[in-house]
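Encoded as structure tokens, the structure appears first; notes follow it.
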Amino acid sequence: NMFNMVVRIILSLLLVTASLFCLFGLMATLEPMPPGIQWTWRGIFGLILIGNIAGLIHLIRGLFSR
């Protein structure tokens with residue numbers, strides 16, 4: 001279905017955007033800050049990034065399995 005494919009592509013673009021934001025956030029945690037706060041933000045950005053990558057893999061595999 002063409003509509004389904006367009007929705008998957010739009011969702012993939014949103015996940016790529018969120019992944020890039022998380023990468024930027026992870027790079028920002030390299031700046032000097034208290035270690036407890038630094039590792040908390042790294043954990044948050046890292047977990048969200050892993051979720052985004054997993055969602056992207058799921059959407060892209062669905063596009064190519066047709």
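Everything numeric in this text was worked out from a predicted model, so none of it was measured. Positions are given from 1, in the same order as the sequence printed here.
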Under 3.5 Å, sequence neighbours excluded: what are the donor-acceptor pairs made by side chains of residues 44-51?
none

Quiz prompt | Side-chain heavy-atom pair L15, L11 within 4.5 angstrom cut-off | solution = no
Quiz prompt | side-chain hydrogen bond (donor to acceptor under 3.5 Å, both in side chains): pairs with one or both residues in residues 35-57, sequence neighbours excluded | solution = T29-R42
Quiz item: Among the clusters formed by ILVMFWY side chains lying less than 4.5 Å apart, do F3 and L14 turn up in the same one?
Solution: yes
Can I get a per-line list of side-chain donor-acceptor pairs under 3.5 Å for residues 53-60, giving both atom names and the distance, sequence neighbours left out?
none

Self-check item: Validation row: T17, F21 side chains within 4.5 angstrom (heavy atoms)
Solution: no
